[in-house]
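Letters go in sequence order (proteins before strands), and every chain restarts at 1.
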2 protein chains.
Amino acid sequence: MTIQERKKKILAEVYEAGSLSVFELADKMAASPATIRRDLHEITEQGLLVRTHGGAMKPDNAVITGFSDKKVQRHEDKERIAQEAATLVDDGDTIFMDCGSTVFQMCTHLKKKANIHVITNSLPVLAELIDVPSIRINLIGGELDKKRRAVHGQKAIEHIHGYHAAKCFIGVDGISAENGLTAHSEHESGITSAYLQNASQAILLCDSSKIGRDSYIKFAKLSAISCLITDGGIEEQTKKALKAKGVAQLIVV
Amino acid sequence: MTIQERKKKILAEVYEAGSLSVFELADKMAASPATIRRDLHEITEQGLLVRTHGGAMKPDNAVITGFSDKKVQRHEDKERIAQEAATLVDDGDTIFMDCGSTVFQMCTHLKKKANIHVITNSLPVLAELIDVPSIRINLIGGELDKKRRAVHGQKAIEHIHGYHAAKCFIGVDGISAENGLTAHSEHESGITSAYLQNASQAILLCDSSKIGRDSYIKFAKLSAISCLITDGGIEEQTKKALKAKGVAQLIVV
DNA sequence: GTTCATTTGATTACTTTTGATCAAAATTTG
DNA sequence: CAAATTTTGATCAAAAGTAATCAAATGAAC
């Protein structure tokens, strides 16, 4: 094995495992720890790996990510919702993903899919999926919302209109039978509307705290929603009301 | 077997296998290692293969061999160039920044500027500047080039045409008096052209190894360049030739 | 068939890479 | 916070690989 081949393999192994020790690598490569250290030194200089005491780690794009490490509220509910949503993605699909935290949690489950194409305005989604070989990514361009770690604005909306996807995965600030989908920021609602208009199916990921709650910008009717995925805290009556207003399918996890 | 036939076969075998040792090739070709080395030397000169200690590899159209190695190699030159380039940015400016490694190094120096607006297709630039309060960022959208950590493609080019900036800061693969600016990828050259067309001034950051070197896609004339910043390794004669062809200003750091 | 240029493989000196050793530095433990 | 342990990086000799040189082999031109 030549040096370049070995380095490539080290890179692949560490990316696969997340992190490995010098000795584990020495084993895998059939080389001495001294050699591995030398290799790691060079790979690290290129910034492709992060050296740790005793080994090396895959660099995480923490700077871009921002909220991916933060503690997400209602984490467990959202996790179940995201997992369910991911099952709706078929191999080969092109999908829109918005910048909500529940949608973000689909990423882990998407890594197992083959050959999917993700179009997103979310930097955390980007950061999480950028190193997955089976996933192609298109990034929505436009003004950067630093706090939300997402792209938004007029240009972004125009840009979304230049694409079509089989499915869009979105979150909202509020949803009710009376007012449909609502948001508390025009930036947010503009992007979500654009996704809705350019996808064949709309999947709304929405923990039950948002259901029956209204925010102040009404931006879409419930009939726009092909599938609403939510958690247990939803009453039978509410379900019926939502379905009556046009939510095609309702999944409770 | 003629020399040409053998070389062709070597190329085919290495491309098939990804990489092969000199001895493996000697075996396959029924030739001595000395002959294989000579062949590899010539093939490598054409850039069709990458020589490794002990063998040869299919060229890796990316980060591992390309950009990051160079970044480390001429780091100090590039740092000086980037620093000089940053002095050309005025408070309040809107600037384009491309995805070159030298351009990236401007980031550190930009943090001190007040109220600037950066439009970029480079994820490293994005990551570096995202948390700087005095800098607004617009991200160019489009297809994601994972290896280059940048956005490119037709949509990206269209997107750039939707903006105007006072200055663009760009890198190139090659520049010469005869052929102007050259690149080795259409993705790259397309983006750079778009920046050139939509900025009032073009500042080219270019270490001296690129000067006098030509890559194969000619995409802009020297008269498009308002300012070329380079390091010491440039001859007086070359300077004159570049200026004669239209480079408005030439700064050597 | 001789001459001349090219190509080849062997020999050589030289460079790079490797793993072992060991003191210094970093980390963990008491 | 100091001792014990682990990890590291520098150094060096051995091994592996390379580039240069040269003579033999090939083959084209006359």
Side-chain angles (χ1 to χ4, degrees), chain A residues 1-60 62 69, chain B residues 1-60 62-76 79 209 213:
Chain A
M1 186 161 26
T2 67
I3 302 174
Q4 278 76 358
E5 284 177 288
R6 193 180 51 229
K7 284 202 217 161
K8 244 185 180 173
K9 203 173 160 201
I10 289 177
L11 211 50
E13 295 278 359
V14 175
Y15 269 65
E16 160 105 26
S19 71
L20 284 171
S21 75
V22 169
F23 289 91
E24 284 169 324
L25 283 167
D27 238 30
K28 281 179 196 285
M29 304 296 141
S32 74
T35 303
I36 298 296
R37 290 200 182 96
R38 269 187 284 251
D39 288 348
L40 286 180
H41 182 75
E42 287 162 42
I43 298 174
T44 303
E45 269 192 344
Q46 296 175 29
L48 278 70
L49 281 182
V50 174
R51 193 76 162 79
T52 62
H53 204 78
M57 281 174 74
K58 173 175 143 182
D60 62 351
D69 290 337
Chain B
M1 187 162 24
T2 68
I3 301 178
Q4 274 72 13
E5 279 178 303
R6 193 179 53 227
K7 284 201 211 161
K8 238 183 183 175
K9 201 171 162 203
I10 289 177
L11 210 51
E13 294 278 359
V14 175
Y15 269 67
E16 159 112 25
S19 67
L20 284 171
S21 75
V22 169
F23 289 91
E24 284 168 325
L25 282 168
D27 238 29
K28 282 179 195 285
M29 303 297 140
S32 74
T35 303
I36 298 297
R37 290 200 182 96
R38 267 188 285 253
D39 288 348
L40 286 180
H41 182 75
E42 288 162 42
I43 298 174
T44 302
E45 272 191 340
Q46 297 170 42
L48 280 78
L49 279 182
V50 174
R51 190 76 161 80
T52 63
H53 204 82
M57 289 176 81
K58 188 161 105 177
D60 204 342
V63 175
I64 294 185
T65 45
F67 178 113
S68 342
D69 272 342
K70 286 180 217 154
K71 177 176 147 193
V72 176
Q73 279 186 6
R74 301 184 61 104
H75 187 276
E76 308 204 342
E79 169 57 28
S209 74
R213 212 179 72 179

Seminar exercise, completed: Sorted by chain and number, sequence neighbours left out, salt bridge (charged side-chain N to carboxylate O under 4.0 Å, His left out) with B/Lys28 holds for B/Glu13
Exercise. Side chains of A/Ile43 and A/Val14: does their closest heavy-atom pair fall under 4.5 Å?
Worked result: no
For this session: Could you pull out all residues at least two apart from B/Arg6 that satisfy side chain to side chain donor-acceptor pair (under 3.5 Å)?
Result: B/Asp39
Problem set entry | Residues which pass salt bridge (charged side-chain N to carboxylate O under 4.0 Å, His left out) with A/Glu24, listed by chain and number, not counting sequence neighbours | none
Quick test: give all pairs of protein nitrogen or oxygen and nucleotides 4-10 of chain C nitrogen or oxygen below 3.5 Å, distance rounded to 0.1 Å.
| from | atom 1 | to | atom 2 | distance (Å) |
| --- | --- | --- | --- | --- |
| C/dT8 | OP1 | B/Arg6 | NH1 | 2.7 |
| C/dT8 | OP1 | B/Arg6 | NH2 | 3.4 |
| C/dT8 | OP2 | B/Arg6 | NH2 | 3.1 |
| C/dG9 | OP2 | B/Ser32 | N | 3.2 |
| C/dG9 | OP2 | B/Ser32 | OG | 3.2 |
| C/dG9 | OP2 | B/Thr35 | OG1 | 2.4 |
| C/dG9 | N7 | B/Arg38 | NH2 | 2.7 |
| C/dG9 | O6 | B/Arg38 | NH1 | 3.4 |

Exercise. Quick one: side-chain contact (heavy atoms from CB on, under 4.5 Å) partners of B/Tyr15, sequence neighbours excluded?
Worked result: B/Leu11, B/Leu49, B/Lys58, B/Pro59
Seminar exercise, completed: Axis-to-axis angle for the helix from C/dG1-D/dC30 to C/dG30-D/dC1, ends of five pairs each, to 10°, equals 30°
For this session: Provide the closest heavy-atom pair for B/Ala26 versus B/Pro33 in the form atom of the first, atom of the second, distance.
Result: CB-N, 4.0 Å
For this session: Check whether any side-chain nitrogen or oxygen of B/Arg37 sits under 4.0 Å from OP1 or OP2 of D/dT18, and answer yes or no.
Result: yes
Seminar exercise, completed: In numerical order, the residues of residues 16-23 of chain B whose heavy atoms come under 4.0 Å of DNA chain C are none
For this session: Indicate the atoms forming the closest heavy-atom contact of A/Met1 with A/Met29, along with that distance.
Result: CE-O, 4.0 Å
Seminar exercise, completed: B/His41 NE2 to D/dT21 P, in whole Å, measures 13 Å
Exercise. A/Ile36 has an atom CD1; how far is it from atom P of D/dT6, in whole Å?
Worked result: 20 Å
Problem set entry | Partners passing side-chain contact (heavy atoms from CB on, under 4.5 Å) against B/Gln4 (at least two apart in sequence or in another chain) | B/Thr2
Exercise. With sequence neighbours excluded, what pairs up with B/Arg38 under the side-chain contact (heavy atoms from CB on, under 4.5 Å) test?
Worked result: B/Ala34, B/Thr35
Nucleotides 24-30 of chain C: which of its N/O atoms have a protein N/O under 3.5 Å away?
none

For this session: To the nearest Å, give me how far apart CD (A/Glu45) and P (D/dG9) are.
Result: 11 Å
Problem set entry | All pairs passing salt bridge (Lys or Arg N to Asp or Glu O under 4.0 Å) where residues 42-57 of chain B contributes a residue, at least two apart | B/Lys7-B/Glu42
For this session: Would you indicate whether B/Glu16, at its atom CD, is surrounded by more than 12 heavy atoms from other residues, nucleotides or ligands within a distance under 6.0 Å?
Result: no
For this session: Name all residues meeting the side chain to side chain donor-acceptor pair (under 3.5 Å) criterion together with A/Thr52; count only those two or more places apart in sequence or in a different chain, and write none if there are none.
Result: none
Problem set entry | Atom-to-atom span, CZ of B/Arg51 to C1' of D/dA19 - whole angstrom | 10 Å
Problem set entry | Any A/Leu20 side-chain heavy atom under 4.5 Å of A/Ile10 side chain | no
